[in-house]
Amino acid sequence: MYLNQILKRKGFVKIKLKRIETNHFVLGAIINGVKGRFIVDTGASNSCLDTQKSKKFKLEVKDSETKAAGAGAIGMETKIANRNLLEINEWTFNQFSIVLLDLNHVNAALIEHSSRTVHGIIGADILEKGEAIIDYKQQCLYLKKLVYKH
């Protein structure tokens with residue numbers, strides 16, 4: 001039996017990943033009905049979106065005391081948007097909180113490597129929530145469907 005068959009039986013959704021020029025994986029995701037392109041980053045503690053894209057993704061943004069650091073930048077101002085709908089293929093999370101910060105440094109690095117820019121990053125918060133399994137050979141991500149109690 002193949003890994004994808006076992007995981008499908010256990011309630012996981014298979015999500016195709018695309019390896020880009022920087023050797024990162026990207027995927028398509030929908031936030032609040034709006035499609036976007038996101039890097040999958042197991043080292044990012046929180047998923048984030050470029051601050052300049054808050055209106056595009058219909059976010060209700062609030063100030064945050066948290067400072068962000070990563071990918072060569074430290075002390076970056078952040079904002080937060082709670083209660084969003086995240087969809088990655090058939091995997092959905094209907095109380096998704098996302099951190100907003102300036103991703104110009106990330107996108108500048110992607111452009112320097114002749115890669116397309118991204119709207120944001122899918123981080124460990126989502127990967128943990130979905131009990132993520134990454135299959136590097138098949139270039140796919142598995143997330144376990146969430147069960148909501150009514």
Side-chain angles (χ1 to χ4, degrees), residues 3 7 10-113 115-148:
L3 178 64
L7 292 175
K10 295 192 175 281
F12 283 80
V13 172
K14 182 179 180 181
I15 299 152
K16 193 75 180 140
L17 299 173
K18 180 179 185 218
R19 189 182 303 268
I20 60 174
E21 291 78 1
T22 59
N23 216 23
H24 289 95
F25 282 126
V26 294
L27 57 76
I30 299 171
I31 298 175
N32 300 328
V34 181
K35 292 180 183 178
R37 178 176 156 94
F38 296 82
I39 286 178
V40 176
D41 186 350
T42 60
S45 54
N46 291 299
S47 296
C48 56
L49 186 75
D50 191 307
T51 309
Q52 298 171 0
K53 304 298 181 191
S54 62
K55 283 191 173 75
K56 174 184 172 103
F57 286 93
K58 306 172 189 171
L59 302 179
E60 289 183 31
V61 179
K62 295 181 180 166
D63 288 333
S64 171
E65 297 295 317
T66 306
K67 300 279 187 207
I74 58 169
M76 293 181 289
E77 297 291 325
T78 66
K79 296 196 178 287
I80 191 157
N82 299 310
R83 296 188 311 275
N84 299 289
L85 175 62
L86 172 65
E87 300 169 88
I88 307 173
N89 287 12
E90 300 112 52
W91 190 84
T92 59
F93 182 16
N94 67 11
Q95 289 295 312
F96 174 55
S97 293
I98 191 161
V99 174
L100 289 100
L101 59 117
D102 184 345
L103 292 179
N104 281 334
H105 64 289
V106 171
N107 282 320
L110 291 173
I111 291 166
E112 196 173 295
H113 287 88
S115 186
R116 287 178 38 220
T117 59
V118 295
H119 296 100
I121 296 167
I122 298 295
D125 56 340
I126 293 304
L127 300 174
E128 186 176 3
K129 186 84 175 170
E131 300 177 30
I133 296 169
I134 300 174
D135 183 337
Y136 285 89
K137 186 174 182 181
Q138 297 299 317
Q139 295 190 14
C140 60
L141 166 69
Y142 294 93
L143 294 175
K144 189 168 189 176
K145 287 184 180 179
L146 301 177
V147 178
Y148 295 101

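This is a predicted model, so every value here is computed, not measured.
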Checklist entry - Is there side-chain contact between Asn89 and Leu143, with at least one heavy-atom pair below 4.5 Å? => result no
*Could you tell me whether the side chain of Asn107 reaches within less than 4.5 Å of the side chain of Leu110, counting heavy atoms only?*
yes
> Between Ile80 and Thr78, is any pair of side-chain heavy atoms under 4.5 Å apart?
Replying inline: no
(message) Can you confirm whether Leu7 sits close enough to Lys14 that some side-chain heavy atom of one is under 4.5 Å from a side-chain heavy atom of the other?
(response) no
More than 12 heavy atoms from other groups under 6.0 Å of CZ on Arg116:
no
Value for CD (Glu87) from CZ (Phe96), rounded to nearest 0.5 Å, stands at 12.0 Å
query = Would you say Gln95 has more than 12 foreign heavy atoms packed within less than 6.0 Å of its CD?
reply = yes
Between the CD atom in Glu90 and the CD1 atom in Ile15, the distance rounded to the nearest 0.5 Å is 8.5 Å
Residues Gly28 and Ile88: closest non-hydrogen pair is O-CG2, 3.9 Å
Gln52 and Asn104 have their tightest heavy-atom pair at NE2-ND2, 3.9 Å
Original post:
Does a donor on one side chain sit under 3.5 Å from an acceptor on the other, for His24 and Thr22?
Top reply: yes
Looking at Glu21, I'd like to know if its CD atom is crowded, meaning that more than 12 non-hydrogen atoms belonging to other residues, nucleotides or ligands lie closer than 6.0 Å. yes
Given the options Thr117, Ile20, Leu27, Arg37 meets side chain to side chain contact (heavy atoms under 4.5 Å, CB included) only with Ile20
So, the side chain of Asp50 versus the backbone of Gly120: is there a donor-acceptor pair under 3.5 Å, distance only? no
Notebook entry, point to check: Do Ile134 and Thr42 have side-chain heavy atoms sitting under 4.5 Å apart?
Noted result: yes
Mind telling me whether His119 and Phe57 have parallel, tilted or perpendicular rings, with 30° and 60° as the class edges? perpendicular
Looking only at heavy atoms, the pair that brings Val13 and Lys145 closest together is CG2-CE, 3.4 Å
*asked:* Just so I know, are the side chains of Asn84 and Phe93 near enough to count as touching, which here means a heavy-atom distance under 4.5 Å?
replied: no
Rounding to 0.5 Å, atoms CZ (Phe12) and CG (Leu3) come to a distance of 9.5 Å
To the nearest 0.5 Å, atom CD1 of Ile39 lies from atom SG of Cys48 at 9.0 Å
Heavy-atom nearest pair, Leu86 first then Ala29, reads CD1-CB, 4.1 Å
Taking the side chain as every heavy atom from C-beta outward, state whether Lys16 and Gln139 have any atom pair closer than 4.5 Å. yes
Heavy atoms of Thr51 and Leu100 approach each other most closely as OG1-C, 3.6 Å
To the nearest 0.5 Å, atom OG of Ser47 lies from atom CD1 of Ile98 at 6.0 Å
- [ ] Find out whether Leu49 and Phe38 are in side-chain contact, i.e. whether some heavy atom of one side chain is under 4.5 Å from a heavy atom of the other.
- [x] yes
When every non-hydrogen atom of Leu17 is compared with those of Cys140, the smallest separation belongs to CD1-C, 3.7 Å
One should read off an interatomic distance between Ser45 OG and Ile121 CD1, to the nearest 0.5 angstrom, of 10.0 Å
